[in-house]
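Residue numbers count from 1 along this sequence. First listed ligand is number 1; within each ligand, the first listed atom is number 1.
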Amino acid sequence: MRSQKKGIPMELEFPTQKKLHLVVGDITSLAVDAIVNAANETLLGGGGVDGAIHRAAGPELLAECRLLGGCETGEAKSTRGYKLPARYVIHTVGPIWCGGSWGEADRLRSCYESCFKEALRLQCDSIAFPAISTGAYGYPLKEACKIALTAAFQICCQKELLYPKEIYLVCFNSQALDAYNEVLDEGLEVPLA
Ligand code: AR6
C-alpha cells in the first residue's frame with residue numbers, strides 16, 4: 001500500500017478526497033477545527049493531554065466543562081476551544097485498560113465513533129486525535145493505534161460523509177508514531193461503516 005520508513009510522519013489521500021495525517025507534536029498547537037481531549041469522566045481536567053489542553057485553552061474551558069455534567073466512557077461532549085488555535089475541543093473518555101477482557105476495545109472504538117459524530121454535528125472539516133487511553137489509562141499502544149486507524153479509515157472511505165474531511169492522528173513521541181506505522185505496514189481490515 002505504501003513504502004513509508006519507520007518514524008516518519010505521513011499523509012494519505014483517499015479516493016474520496018479525504019486525508020489522513022500522522023503527525024508528531026503537541027495537539028494543543030494545531031489549528032484544526034476540533035482537537036480531541038482524552039479526558040476522564042468528570043471532564044474537570046487532569047494530567048497528560050487533558051492537562052495540556054486546559055492549560056493552553058485557559059480557565060474558560062474548565063468553566064464550560066463544569067456545565068457538561070461529566071461524560072461516560074466511550075462517549076463525547078464538546079466545548080469551544082477558547083485560547084487554543086482549535087475552534088472546538090471534543091472531550092471523550094477512553095477506557096482504563098484492565099487486561100482486555102472488559103470491553104476495552106469496544107469502548108475505545110466507541111470514543112472514536114462518538115468524536116466523529118460530534119465533528120459531523122459541529123461541521124468540522126478537520127479533527128485531531130491524541131492516542132486515547134495510551135497514557136495514564138494504560139491501553140497497549142499498538143492495539144490502540146489499530147483501533148484509531150481503523151476508525152479513521154472508515155471515515156475516510158465514506159464519500160457521502162461531509163465532515164470531517166481531514167483527520168490528524170497526533171503522536172506525542174516516536175513510540176506512538178512507530179506503533180501507527182507498524183499497524184499500517186501489517187495492513188488493516190476495515191469493516192464497512
Ligand atoms: N499532545 C498530543 N498527545 C499528547 C499530549 C499532547 N500535548 N500529551 C500527552 N499526549 P493521557 P489517557 C499523549 O495520559 O491515557 C488524564 O489525567 C500521551 O503520550 O493524556 O486517555 C485524564 O484526565 C498518550 O499517548 O490520556 C484522565 O484521567 C496519549 O496522549 C487520564 O489522564 C494519552 O495519554 C486519561 O488517560
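For T134, a nitrogen or oxygen atom sits less than 3.5 Å from a nitrogen or oxygen atom of ligand 1, counting backbone and side chain alike. Considering backbone and side-chain atoms together, G47 places an N or O closer than 3.5 Å to an N or O of ligand 1. Distances between N or O atoms of V170 and those of ligand 1 include no value under 3.5 Å. For ligand 1, one of its N or O atoms has an N or O atom of N40 under 3.5 Å away. Considering both main-chain and side-chain atoms, G138 never comes within under 3.5 Å of ligand 1 through any nitrogen or oxygen pair. For a threshold of 3.5 Å applied to N or O pairs, the pair formed by I27 and ligand 1 contains at least one separation below that value.
Looking from atom 15 (O) of ligand 1 to the surrounding protein, the closest heavy atom is G135 N, 2.8 Å. Among protein heavy atoms, atom 14 (O) of ligand 1 sits closest to A136 N, 2.8 Å. At the shortest separation from atom 7 (N) of ligand 1 among protein heavy atoms lies D26 OD1, 2.9 Å. The protein heavy-atom contact nearest to atom 31 (C) of ligand 1 is Y137 CE1, 3.5 Å. Of the protein's non-hydrogen atoms, F172 CB, 3.6 Å is the one closest to atom 19 (O) of ligand 1. Nearest to atom 29 (C) of ligand 1 among the protein's heavy atoms is A131 O, 3.2 Å. Of the protein's non-hydrogen atoms, the one nearest atom 26 (O) of ligand 1 is A38 CB, 3.7 Å.
Annotation for A128 and I27: closest pair O-CD1, 3.5 Å, computed over non-hydrogen atoms. Summarising the geometry of C124 relative to Y163, their closest heavy-atom pair is O-CB, 3.4 Å, with the distance given to 0.1 Å.
Listed by atom number, the atoms of ligand 1 under 4.0 Å from D50 heavy atoms are 22 (C), 23 (O). Under a 4.0 Å criterion applied to the non-hydrogen atoms of G25, ligand 1 contributes the atoms 1 (N), 2 (C). Atoms of ligand 1 lying under 4.0 Å from any heavy atom of G46, numbered from 1 in the order shown and given with element: 17 (O), 23 (O).
At distances below 3.5 Å, at least one donor-acceptor pair connects side-chain atoms of N40 with backbone N or O atoms of G45.
E104 and R107 are not joined by a salt bridge, as no carboxylate oxygen comes within less than 4.0 angstrom of a charged side-chain nitrogen.
Under the 4.0 angstrom criterion for non-hydrogen atoms, S133 is in contact with ligand 1.
Using a 3.5 Å distance cut-off with no hydrogens or angles, the side chains of T73 and E41 do pair a donor with an acceptor. Side chains of E64 and Y82: a donor on one and an acceptor on the other come within 3.5 Å.
Using a 4.5 Å heavy-atom threshold, the side chains of C65 and H91 count as touching.
Listed by first and then second residue, the salt bridge (charged side-chain N to carboxylate O under 4.0 Å, His left out) pairs that reach into residues 74-94 are D33-R87, sequence neighbours excluded. Each salt bridge (charged side-chain N to carboxylate O under 4.0 Å, His left out) pair with one or both residues in residues 129-145, not counting sequence neighbours, appears once here: K142-E182, K142-E186.
Among N173, L108, V49, the residue whose heavy atom lies nearest to atom 20 (O) of ligand 1 is V49.
Considering F172, Y180, Y112 as possible partners of F129, the one that fulfils the ring-ring contact (aromatic ring centres under 6.0 Å, His included) test is Y112.
Between H21 and Y168, the ring planes lie parallel to each other; the angle is under 30°, not in the 30° to 60° tilted range.
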